[in-house]
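Read the structure below first, then the notes.
Since we're looking at a predicted model, the values are computed, not measured. The analysis underlying the following values was restricted to heavy atoms, covering all of them including side chains, and did not include hydrogens, waters or symmetry mates. Letters A, B, ... are given to chains in the order of the sequence lines, protein chains preceding strands, and every chain is numbered from 1.
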Amino acid sequence: MKQQRRNARTGLNYLFLILVGLIMVYPLIWLFASSFKTNADIFGSSRLLPSTYVWDSYRLGWQGTGQYGFQDFFINTLLLVIPTVMFTVISSVIVAYGFARFNFPFKTLLFSVMIATLMLPNASVLIPRYILFNKLGWLDTYLPFIVPAAFATGAFFVYMMIQFIRGLPRDLDEAATIDGCNSFTVLTRVLLPLCKPAIFSVGLFQFMWTWNDFFNSIIYISSVKKFTVSLGLRLSLDTSSAVSWNQVLAMSVVSIVPCILLFFFTQKYFVEGISTTGLKG
Amino acid sequence: MSVGRTLKPRKNYNHIGLLYILPWIIGLLIFQLYPFVSSLYYSFTDYNMVTPPKFIGLTNYKNIFLHDPDFYQSLKVTGIYVLLAVPVKLAFALFIAVLLSAKLKGIHFLRTVYYLPSILGGSVAISVLWRFLFMKEGIINSMLTKLHLGPVDWLGSPDVALYTLGLLTVWQFGSSMVLFLAGIQQIPSDLYEAGSIDGASKPRMFLKITLPLLTPIVLFNLVMQMVNAFQEFTGAFVITNGGPMKSTYLFALKLYEEAFTFFKMGYASALSWIMFVLIMAVTAIIFRTSNSWVYYEDGGDRS
């Protein structure tokens, strides 16, 4: 009797979760399906599948509207994202090592400052930063993304790494020191290999956020030649005549496919990363 | 061994640690502290990036508060947005997290599905998608028409547009949910066993065990999501561009326009300081009240 009731409840939970889950992903499925629809089909029809399939919206959308196409935007995005991710990982590992393993004057204070910067709204440093980058001649380059990353300005990532390194036993460091390692080789030879999961999740988060970033891109990048995917997408949305909506949708799909694929292959790192610290989004 | 040493052990400093955190200190000074302080200075100036900044005292603030109706509009809209989207998002995140904490087959896949929209976050593609879903001839309306619920002007009506954007935020509840999920899984199961021996019902156990133990995470999520919501930009910019009739003219849009369309950098800096003070005030209120509703296992720090 009781078992039956429990089964019924489990079944109901399942049903509810699957139903709500379907509603959650339905917009994404619709996006994908609609990229194969005719423009007339996109509007005013609640059917999910296209009534007639259009196959060239990807090809045409990819070409872009003007001089530059999505292959340019993709290359640009990689030129921005890859160094940003690399520097983020390197700088946050080094800084986190300093915080997690050494005792130095004002450590508690500095640590609190770092935590406080987590809550510092981006808007309150935005304008002087823009003016600074302008003076340095960095506007319309990717340096406003890459250089701050090299100086560990992403407190979120540093904090994530600190939490992880703290979880590694200190005996390892001590044993390595006895074996003749100095503090830097302890980091590179002993801790670094163990930090792989954390490094992975820092890198993935930074990849996604930089890939999807729109606000900073629109502020710092002005020439179409240097546009990232998100700027290119926004451009095609503005310039598209009513005829080519399916191309806009197709390019939307293309712009999120790398993130979705990456996410499905690495999702345990996201869950791990966000549950040790968990911010944003 | 000197007496001084035994009485007052010197702290065991290893200054090499400072060397490791040096990059962060430099970054903090150049990219955070200096901009933070100088934005206060700029807020007292008239600066268009071409001619040098001119000190004008409190004029920017006076103009904002006395002569800028758009400021009040953006404040109102942002207020509604934060007050509505954040609690709904967190309530939903918590609800789904409780359901997803069950040990069921395929639960990992379901968790992934629920987290997916958050991964795509504030991307332009998602804004494009939202625009298409909710436009007048869009699929949401055709579905509603089929159910005889008639079309709603989701993005074109000033009364509705802000809520449509809020819905986008709520849809991306994944990262708050994952945090709740992690918290739930850390609750010792003997608490629930004791509860069920006492004959407590499921809802009662949720209210008496789960919820109190999760309050620190509620606090964390609340603060972080609030700070994020105050700065919401991409959706409002790409989907509605602040319209119709400025009904989605969020504070970040106002700031963006003043700074990067009109290049009124001094004015925009003043706006950014008002936003900063506002966020700090709300955070302070949340932390103040948190003593009465956040449960700390170790008794907490009530100082």
Side-chain angles (χ1 to χ4, degrees), chain A residues 10 13-14 17 21 24-25 27 30-31 43-46 91 94-95 97-99 102-105 110 117 119-129 131-132 134 148 151-153 158 183 208 212 214-215 219 230 233-234 237 248-249 252 255-256 259 263 267 271 274-275 278-281, chain B residues 12-18 20-21 23-24 26-27 31-32 35-36 38-39 42 49 99 102 104 110 112-114 116-125 128-129 133 137 139 142-143 146 172 174-175 178-179 182 224 227 230-231 233-234 238 252 255 259-260 265 268-269 272 275-276 279:
Chain A
T10 311
N13 272 359
Y14 252 133
L17 279 173
M24 291 282 297
V25 286
W30 180 86
L31 176 68
F43 301 107
S45 155
S46 54
S91 65
I94 293 174
V95 173
Y97 178 55
F99 271 119
F102 300 95
N103 219 349
F104 43 82
L110 288 169
T117 61
M119 282 192 288
L120 182 72
N122 185 36
S124 50
V125 292
L126 181 75
I127 290 153
R129 249 195 219 180
I131 296 168
L132 175 73
N134 179 41
F151 288 98
T153 44
V158 180
S183 68
M208 299 272 179
N212 287 328
F214 177 65
F215 190 67
I219 286 169
S230 48
L233 192 58
R234 156 77 211 216
L237 189 65
V248 175
L249 292 179
S252 297
S255 80
I256 59 172
C259 288
F263 174 64
Q267 41 113 350
V271 176
I274 208 152
S275 39
L279 311 157
K280 207 96 175 195
Chain B
N12 211 355
Y13 282 145
N14 188 350
H15 290 81
I16 201 149
L18 279 168
Y20 286 104
I21 67 158
W24 170 75
I26 297 172
F31 299 117
Q32 280 163 325
F36 183 63
S38 63
S39 101
Y42 284 123
M49 306 256 315
L99 294 182
L104 298 171
L110 276 172
T112 310
V113 162
Y114 280 91
L116 189 59
S118 306
I119 275 297
L120 305 169
S123 68
V124 177
V128 169
L129 169 64
L133 289 178
E137 315 85 348
I139 183 176
S142 12
M143 281 176 168
K146 262 196 183 155
Q172 296 168 334
S175 58
V178 172
L179 270 180
M224 293 323 292
V227 174
F230 260 108
Q231 303 186 78
F233 176 79
T234 308
V238 177
L255 189 75
F260 303 105
M265 291 302 181
S269 295
S272 79
M275 190 207 254
F276 174 72
I279 292 179

Contacting moiety of Phe36(B), where chain A heavy atoms sit under 4.5 Å: both

Heavy-atom closest pair, residues Pro121(A) and Phe276(B): CD-CD1, 3.8 Å

Ile119(B) to Asn212(A) - nearest heavy-atom pair and separation: O-ND2, 3.3 Å

side-chain contact (heavy atoms from CB on, under 4.5 Å) between Ile94(A) and Trp24(B), worked out: CA-CA 9 Å; Ile94(A) 293 174; Trp24(B) 170 75; over 6 Å; no

Plane angle bin for Phe233(B) and Phe214(A) - parallel if under 30°, tilted between 30 and 60°, otherwise perpendicular: parallel

For the student: nearest non-hydrogen atoms of Tyr20(B) and Ser183(A), plus distance: OH-OG, 2.8 Å

Heavy-atom closest pair, residues Leu133(B) and Pro27(A): CD1-CB, 3.6 Å

Under the side chain to side chain donor-acceptor pair (under 3.5 Å) test, residues paired with Thr234(B) that sit two or more places apart: none

Engaged part of Leu110(B) at the chain A interface, taking heavy atoms whose separation is under 4.5 Å: side chain

Per-residue contact mode, Ser91(A) against chain B (heavy atom under 4.5 angstrom): neither

Residue part contacting chain A, namely of Met275(B), when any heavy atom lies under 4.5 Å: side chain

Spatial distance of atom CG (Asn134(A)) from atom CE (Met49(B)) [nearest 0.5 Å]: 3.5 Å

CD1 on Ile131(A) to OG on Ser38(B), rounded to 0.5 Å: 7.0 Å

Chain A contact via Ile279(B) - side chain, backbone, both or neither, heavy atoms under 4.5 Å: side chain

Contact leader toward chain A among Leu99(B), Ile26(B), Leu255(B), Val113(B), where contacts are heavy-atom pairs under 4.5 Å: Leu99(B)

Donor-acceptor contact below 3.5 Å, side chain Gln32(B) vs main chain Thr117(A): no

Heavy-atom pair count under 4.5 Å with chain A, highest-scoring of Val227(B), Ile16(B), Leu120(B): Leu120(B)

Pro105(A) to Leu18(B) - nearest heavy-atom pair and separation: CD-CD1, 4.2 Å

side-chain contact (heavy atoms from CB on, under 4.5 Å) evaluation trace for Ile127(A) with Ser39(B): CA-CA 7 Å; Ile127(A) 290 153; Ser39(B) 101; 5.8 Å; no

Distance (rounded to the nearest 0.5 Å) between Thr112(B) OG1 and Phe263(A) CZ: 5.5 Å

Closest contact, heavy atoms only, Val128(B) versus Ser252(A): CG1-OG, 3.5 Å

Ala259(B) versus chain A, the contacting section by heavy-atom distance below 4.5 Å: side chain

Criterion side-chain contact (heavy atoms from CB on, under 4.5 Å) on Val125(A) and Phe31(B), from CA distance to verdict: CA-CA 8 Å; Val125(A) 292; Phe31(B) 299 117; over 6 Å; no

Largest heavy-atom contact set with chain B, pairs under 4.5 Å, which of Val95(A), Leu31(A), Leu120(A), Thr153(A): Val95(A)

Heavy-atom donor-acceptor pair, Tyr114(B) side chain to Met24(A) backbone, under 3.5 Å: no

Engaged part of Leu110(A) at the chain B interface, taking heavy atoms whose separation is under 4.5 Å: both

Side chain to side chain donor-acceptor pair (under 3.5 Å) involving Tyr14(A) - partner list, sequence neighbours excluded: none

Residue pair Ser123(B), Ile256(A): steps toward the side-chain contact (heavy atoms from CB on, under 4.5 Å) verdict: CA-CA 8 Å; Ser123(B) 68; Ile256(A) 59 172; 4.3 Å; yes

Contacting moiety of Leu17(A), where chain B heavy atoms sit under 4.5 Å: both

